[in-house]
Structures are given as structure tokens and as C-alpha cells.
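What follows is a set of notes on a single structure, which appears directly below.
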Amino acid sequence: MNEASLRSHLNLEAERAIDIVQVFDEIDSTNSEALRQIRSGDGANRLIVANSQSAGRGRRGREWLSPQNGVYFSLTRRFDLDADALQGLSLVTAISIVEALHGLGVSGLQVKWPNDVLHKKKKLAGILLELQPNAAAQYVVFGVGVNCELSAEAVSRIDRPVTDLKTLMGALPASDLLLATLLNRLCQNMGNYELNGFSPFENTWNNLDCYRMSDIVIQNGESRLIGKSLGVDATGALLLQSASGIQAISSGEVFPSLRPLSDETNKP
Ligand code: BTN
């Protein structure tokens, strides 16, 4: 991967959205590096890419196993929006990954709220969005990891069903083309989101959501909510139908419900 070959594949929106590109063979975490840069006062929209990460971070403090030859990147972008309005961005990022990979011939991808990309309920890609204000503005770090080629040993170290692009595509595309395709769609969708919010993406999400109209459990810290997923609303909140009515949920982790709803009561 080098900057010139990457830039040769970028569309105008992505080219404009990325001031600086930094490519590492290995780094602790591209998100951690992006946050360090912002905290040091750097205001550039920066793309940080690594071939592997020694301390890749996932959501909820989990590790993101990042062996060599995966796609691991963080894109920094300044936003003049409220932190609340940024919620839908993580869903838009997941949609962008699905659309980009679809353009490369990968079919059958789905999403899981708020931002997992799955194939047959096995995780292919994860997204970690982190907000960091600095003196000048509010910055969002878009961290994206796509499993490209996981060894059997790596799969055995991950505590949930996973898949990789090699399995789905047979042969992997060149890494600069793959990364540019992801960035092109992400930057295009981010521009749309900045202008129009989440509502243009609501139907797309609901058509891709693998748990919509299924019984689910939403875990948020100690709290567990049980109900049927009705998909998302125009802000990206998850609509959960339970005995007590329909609630719009803005954070938590979704699991399939293993028991019929009538056996459970919601615990606050
Ligand atoms: C998750 O599904 O838990 C989110 C995983 C996000 C992983 C990416 S890889 C690039 C960036 N750097 C990190 O340390 N994490 C994100």
C-alpha cells in the first residue's frame, strides 16, 4: 500500500476529505494514533492505515484481533454537528462498507445494529467511532476493521462467529483498491449525512438489518431489554417492541433472543 496508488483510486469526495495519509506496517491501534494526533492539536483530516495492529480496539473495550494483511484504518473528520446528531454516523459507516463491498462483487452482506457487518450472521467487519473535541472543533475518528484473511488460529481466538473476505471472494482485491473503494463510499455517504441526516439511509438500513422483525435482547451494561426489533427510525435509533410498548433505543448491544418473548419480562 502506498499513498500514490491509493489516491489514484479515490473519487473527488474522498480526495477532498483526506488531507494527510499515513501508512504503517504495524501500529498499536490506528484509532489510538488518530486520537493522539487530535489531542496534540492537529486539525487535519487524516487517514491512518495499518497492515496490522498490536493493540487493535473494538467496541466496549474489547480487543480487535488485527493480524497482517487485514484492512485497518481510521479516518479523522471535523464535524460541525452536535454529538447527538453523530449517532447515525456509525450506522452510515456500516452501510458504506456493505455498499462498497457489494460494488466489488460480495453479496449477501447484512448489518447488525448499531454497526456490525455480517455474512450469514458471521462478523466480517467492525466499526469503532470515537469523538474527540479539541480546542477548535469536534472531531470524529472513524475506525474500520475488515477481516481479510484470518488463520484458523486467529478464528479460534475470537469469541464469536467470524468470517473473512478471502472466504467470501475467493481471491482478495489489491489492498489499495479495496481501501479506496471503502473510502469512496464512506466519504460520499458522510457528505449526504452532513446535509440530510440519517433519514435517507433509514430504508437501506432496514433492508440490510439481519435482526429486523426478530426477537432480540439488548444488553446495555447491567440492563437487559427484550422485545421484537422493528428496525431503526429516521434518527438511527433501534425500535424495540415489547409488552410495555415501542421504545427507541440509542445504545446497547443486540443479541438474538433464545427464548420466546412470553417467557421473559423486561428488566430495567
Ligand atoms: C468492533 O466491532 O468492536 C469494532 C472494531 C473496530 C476495529 C477497527 S480496526 C481500525 C481501528 N483501530 C482500532 O483500534 N479499532 C478500529
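These values consider heavy atoms only, across backbone and side chains, with no hydrogens, waters or symmetry-generated copies. Numbering of residues begins at 1 and proceeds along the displayed sequence.
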* **Minimal non-hydrogen separation, Cys210 against Gln110, with atom names** => CB-OE1, 3.1 Å

* Structure fact -> One should read off an interatomic distance between Leu168 CG and Leu109 CG, to the nearest 0.5 angstrom, of 6.5 Å

* Asked: With distance as the sole test, does Asn51 use its side chain to make a donor-acceptor pair with the main-chain N or O of Asn69 at under 3.5 Å?
  -> yes

* Asked: Who else is in Leu150's hydrophobic cluster (ILVMFWY, side-chain heavy atoms under 4.5 Å, direct or via others)?
  -> Leu65, Val155, Ile158, Val162

* **Hphob cluster co-occupancy, Ile27 + Val49, side-chain heavy atoms under 4.5 angstrom** => no

* Walk me through it: do Asn220 and Ser223 pass the test side-chain hydrogen bond (donor to acceptor under 3.5 Å, both in side chains)? => CA-CA 5 Å; Asn220 195 358; Ser223 138; 5.7 Å; no

* **Cationic N near anionic O, under 4.0 Å, Glu130 to Arg59** => no

Exercise answer: donor-acceptor pairs, residues 116-126 side-chain atoms, under 3.5 Å, sequence neighbours excluded:
residue : atom : partner : partner atom : Å
Asp116  : OD1  : Lys123  : NZ           : 3.0

* Are any of the side-chain heavy atoms of Leu101 and Met169 separated by less than 4.5 Å? -> no

* To do: Could you give me the CA-CA distance, side-chain angles and deciding distance for Asp28 and Ser54, then say whether side-chain hydrogen bond (donor to acceptor under 3.5 Å, both in side chains) is met?
  => CA-CA 5 Å; Asp28 55 349; Ser54 56; 5.9 Å; no

* **Smallest separation among heavy atoms of Ile249 and Ser251, with atom names** => CG2-O, 3.3 Å

* side-chain hydrogen bond (donor to acceptor under 3.5 Å, both in side chains) evaluation trace for Ser52 with Gln68 -> CA-CA 5 Å; Ser52 66; Gln68 287 202 337; 4.8 Å; no

* Asked: Would Arg160 and Glu253 pass as an ion pair if we require N to O under 4.0 Å?
  -> yes

* **Check: Thr93 side chain, Leu89 main-chain N or O, donor-acceptor pair, under 3.5 Å** => yes

* To do: Could you go through the side chain to side chain contact (heavy atoms under 4.5 Å, CB included) check for Leu35 and Val141 one step at a time?
  => CA-CA 7 Å; Leu35 292 173; Val141 176; 3.8 Å; yes

* Asked: Has the side chain of Ser66 got a donor or acceptor atom that lies under 3.5 Å from a matching backbone atom of Trp64?
  -> yes

* To do: Show the numbers, then the answer: is there a salt bridge (charged side-chain N to carboxylate O under 4.0 Å, His left out) between Arg57 and Glu63?
  => CA-CA 5 Å; Arg57 295 189 288 112; Glu63 177 194 15; over 6 Å; no

* Asked: Do you know which two heavy atoms are closest between Phe73 and Leu47, and how far apart they sit?
  -> CD1-CD1, 3.8 Å

* Single-linkage hydrophobic cluster, 4.5 Å side-chain cutoff, Leu178 and Ile95 together -> yes

* Check: Cys148 and Asp164 side chains under 4.5 Å, non-hydrogen atoms -> no

* Considering all heavy atoms, the nearest Arg60-Gln219 contact -> NH2-O, 4.5 Å

* Structure fact -> Separation between CD (Gln247) and CG (Leu239), nearest 0.5 Å, reads 10.0 Å

* Structure fact -> CD of Gln138 to CD1 of Ile38, rounded to nearest 0.5 Å, is 10.0 Å

* Asked: Between Lys166 and Ala171, is there a donor-acceptor pair closer than 3.5 Å when you use the side chain of the first and the backbone of the second?
  -> no

* pair Leu75-Leu186: side-chain heavy atoms closer than 4.5 Å -> yes

* Step-by-step side chain to side chain contact (heavy atoms under 4.5 Å, CB included) determination, Ser229 to Val254 -> CA-CA 10 Å; Ser229 166; Val254 170; over 6 Å; no

* To do: For side-chain hydrogen bond (donor to acceptor under 3.5 Å, both in side chains), just list the numbers for Asp233 and Thr235, CA-CA rounded to whole Å, side-chain angles, deciding distance to a tenth of an Å, and then say yes or no.
  => CA-CA 5 Å; Asp233 66 14; Thr235 69; 2.7 Å; yes

* NE2-OG1 distance between His102 and Thr181, expressed to the nearest 0.5 angstrom -> 13.5 Å

* Hey, could you give me the CG/CG distance between Asn115 and Leu91, rounded to the nearest 0.5 Å? => 7.0 Å

* To do: Give, for atom CZ of Arg46 and atom OG1 of Thr30, the distance between the pair rounded to the nearest 0.5 Å.
  => 13.0 Å

* Asked: Are Ser5 and Asp176 linked by a side-chain donor-acceptor pair shorter than 3.5 Å?
  -> yes

* Asked: Is a side-chain N or O of Asn45 found less than 3.5 angstrom from the main chain of Arg78, in a donor-acceptor match?
  -> yes

* Asked: How far apart are the closest heavy atoms of Ile226 and Ser242, and which atoms are they?
  -> O-CB, 3.4 Å

* Would you call the rings of Phe198 and Tyr193 parallel, tilted or perpendicular, where under 30° means parallel and over 60° means perpendicular? -> perpendicular

* Asked: Are Glu26 and Gln53 side-chain neighbours, meaning at least one heavy-atom pair lies under 4.5 Å?
  -> no

* What do you reckon, is CZ of Arg36 surrounded by more than 12 foreign heavy atoms closer than 6.0 Å? -> yes

* After noting the C-alpha distance and the side-chain angles of Leu225 and Val217, does the key distance pass the side chain to side chain contact (heavy atoms under 4.5 Å, CB included) rule? -> CA-CA 6 Å; Leu225 294 169; Val217 176; over 6 Å; no

* Does Arg212 reach the main-chain N or O of Asn206 with its side chain, forming a donor-acceptor pair under 3.5 Å? -> yes

* When you measure from the centre of the six-membered ring of Tyr211, is the NZ or CZ of Lys228 under 6.0 Å away and within 45° of the axis? -> no

* If we only count heavy atoms from C-beta on, is the Trp113 to Trp205 side-chain gap below 4.5 Å? -> yes

* Can you check whether Asn184 reaches Glu13 side chain to side chain, under 4.5 Å on heavy atoms? -> no

* Between Met1 and Val146, is there a shared hydrophobic cluster once you connect ILVMFWY residues whose side-chain heavy atoms come closer than 4.5 Å? -> yes

* Heavy-atom closest contact (Pro173 atom, Leu104 atom, distance) -> CG-CD1, 4.3 Å

* Taking Tyr139 for the side chain and Asp42 for the main chain, is one N or O donor matched with an acceptor at less than 3.5 Å? -> no

* Find out if a path of hydrophobic residues (ILVMFWY) with successive side-chain heavy-atom gaps under 4.5 Å connects Met190 to Leu128. => no

* To do: Kindly indicate whether the side chain of Ile97, heavy atoms from C-beta on, has any atom under 4.5 Å from the side chain of Leu182.
  => yes

* Do Ile48 and Val71 share a hydrophobic cluster, counting only Ile, Leu, Val, Met, Phe, Trp and Tyr and linking them when any side-chain heavy atoms are less than 4.5 Å apart? -> no

* Please examine the side chains of Val21 and Val23, heavy atoms only from C-beta on, and report whether any two atoms are closer than 4.5 Å. => yes

